[in-house]
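Residue numbers run from 1 in the order of the sequence given. On a predicted model such as this, the values are computed, not experimentally measured, just so you know.
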Amino acid sequence: MNMQDILRSAALMLLLATPAALAQDAAAPAETAGQAAPEAAAQEYAPQKAVYHINYPGGIDGSGYKPALNNLDNHLNAVGEDNLDLRVVMHGDGLGLLAAANKDQALQATISDLKARGVRFLVCNNTLVGRNIDPETDLFDVWPEDIVQAGVAEVARLQQEGFVYIKP
């Protein structure tokens, strides 16, 4: 086989492969705004458990918490809700997230959406008592099962259970 025959064979293989590749791309489901389809996320990542630790102030309007909420949303989009167990542990100034949400409908909608997707928001009882915070009136959507004895102890307990630690 001479060089001309090799080139012809290569060109023929490219011509034959191109329609199949184009058909495969056309059959692929459309993805939205950079988000992987849930099936793709489930195949790309193994199941994960993560604890997000929030103990910092977010400003008077709570806007300082938005990057953490975006991280949670992005994490869910990448891994898939069925593949992910997410907990947000808040203590100290971190309770400002739910205090700000108590007065901000956009924050309420974001938190409610994350909760609907399986994210659990856990609140430190030591902070509630120490700062005289009433979870029913001062914080957004806190239930008795959302209150943990100590935020830092809860973070440590979750890490012992295999949750990875994320400080957004």
Side-chain angles (χ1 to χ4, degrees), residues 29-168:
E31 295 181 3
T32 59
Q35 295 178 353
E39 306 85 36
Q43 293 172 0
E44 189 171 341
Y45 294 102
Q48 298 178 7
K49 301 188 301 185
V51 55
Y52 282 67
H53 182 199
I54 299 179
N55 67 337
Y56 49 85
I60 294 171
D61 63 352
S63 63
Y65 298 117
K66 289 180 182 173
L69 298 172
N70 289 338
N71 287 345
L72 289 159
D73 184 53
N74 291 338
H75 201 161
L76 285 161
N77 290 339
V79 178
E81 295 168 23
D82 294 337
N83 263 350
L84 193 55
D85 187 353
L86 284 180
R87 314 283 171 91
V88 178
V89 176
M90 296 163 289
H91 66 91
D93 290 337
L95 269 65
L97 169 61
L98 299 179
N102 210 27
K103 301 170 189 150
D104 182 326
Q105 290 185 343
L107 272 176
Q108 288 177 15
T110 300
I111 291 167
S112 294
D113 177 62
L114 290 168
K115 283 185 170 189
R117 296 171 70 193
V119 178
R120 291 195 55 209
F121 288 79
L122 304 173
V123 174
C124 173
N125 190 60
N126 288 340
T127 302
L128 294 174
V129 171
R131 296 188 181 190
N132 198 27
I133 298 170
D134 181 349
E136 291 183 24
T137 59
D138 299 333
L139 303 177
F140 173 70
D141 199 28
V142 175
W143 300 90
E145 59 270 19
D146 300 327
I147 299 172
V148 297
Q149 181 178 348
V152 292
E154 184 67 10
V155 168
R157 184 186 73 76
L158 290 169
Q159 286 182 284
Q160 288 172 331
E161 290 185 8
F163 283 73
V164 297
Y165 176 84
I166 298 177
K167 179 73 169 195

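Contact record, A100 with L107: CB-CD1, 3.8 Å, taken as the closest heavy-atom pair. The shortest non-hydrogen separation linking G151 to V89 is O-CG1, 3.4 Å. Heavy atoms only, all atoms of each residue included: P135 and I133 are closest at CD-O, 3.4 Å. In terms of heavy-atom proximity, G64 sits nearest to P67 at O-CD, 3.5 Å. In this structure, I166 and P168 approach most closely via the heavy-atom pair O-CD, 3.3 Å. What you find for L139 and A99 is that their closest heavy atoms are CD2-N, 3.6 Å.
Under the side chain to side chain donor-acceptor pair (under 3.5 Å) criterion, no residue pair touches residues 94-108, with sequence neighbours excluded. For residues 158-168, the set of pairs meeting the salt bridge (charged side-chain N to carboxylate O under 4.0 Å, His left out) definition, not counting sequence neighbours, comprises R157-E161.
Between H91 atom NE2 and N55 atom CG the span is 4.0 Å, to the nearest 0.5 Å. The distance from the CE atom of M90 to the CG atom of D146 is 8.0 Å, given to the nearest 0.5 Å. Summarising the geometry, atom CZ belonging to F163 is positioned 9.0 Å from atom CD belonging to E154; distances are rounded to the nearest 0.5 Å. In this structure, the separation between NZ on K115 and CZ on F140 is 6.5 Å, given to the nearest 0.5 Å.
Judged as a side-chain contact (heavy atoms from CB on, under 4.5 Å), and not counting sequence neighbours, the contacts of Q48 are Y45, H75, V79, L84. Residues satisfying the side-chain contact (heavy atoms from CB on, under 4.5 Å) test with D134, not counting sequence neighbours, are E136, T137, D138. Here Y65 pairs with Y56 under the ring-ring contact (aromatic ring centres under 6.0 Å, His included) rule; sequence neighbours left out.
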Contacts table for residues 121-131: side-chain donor-acceptor under 3.5 angstrom, sequence neighbours left out:
| from | atom 1 | to | atom 2 | distance (Å) |
| --- | --- | --- | --- | --- |
| T127 | OG1 | G92 | N | 2.9 |
| R131 | NH1 | D93 | OD1 | 2.9 |
| R131 | NH2 | D93 | OD1 | 3.3 |

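One N or O on the side chain of N74 and one on the backbone of N70 form a donor-acceptor pair closer than 3.5 Å.
Using a 4.5 Å cut-off on side-chain heavy atoms (C-beta onward), L86 and R117 make no contact.
Around CD of E145, the count of heavy atoms belonging to other residues, nucleotides or ligands within 6.0 Å exceeds 12.
When D141, L72, V88, L97 are each tested for a side chain to side chain contact (heavy atoms under 4.5 Å, CB included) with I111, only one passes: L97.
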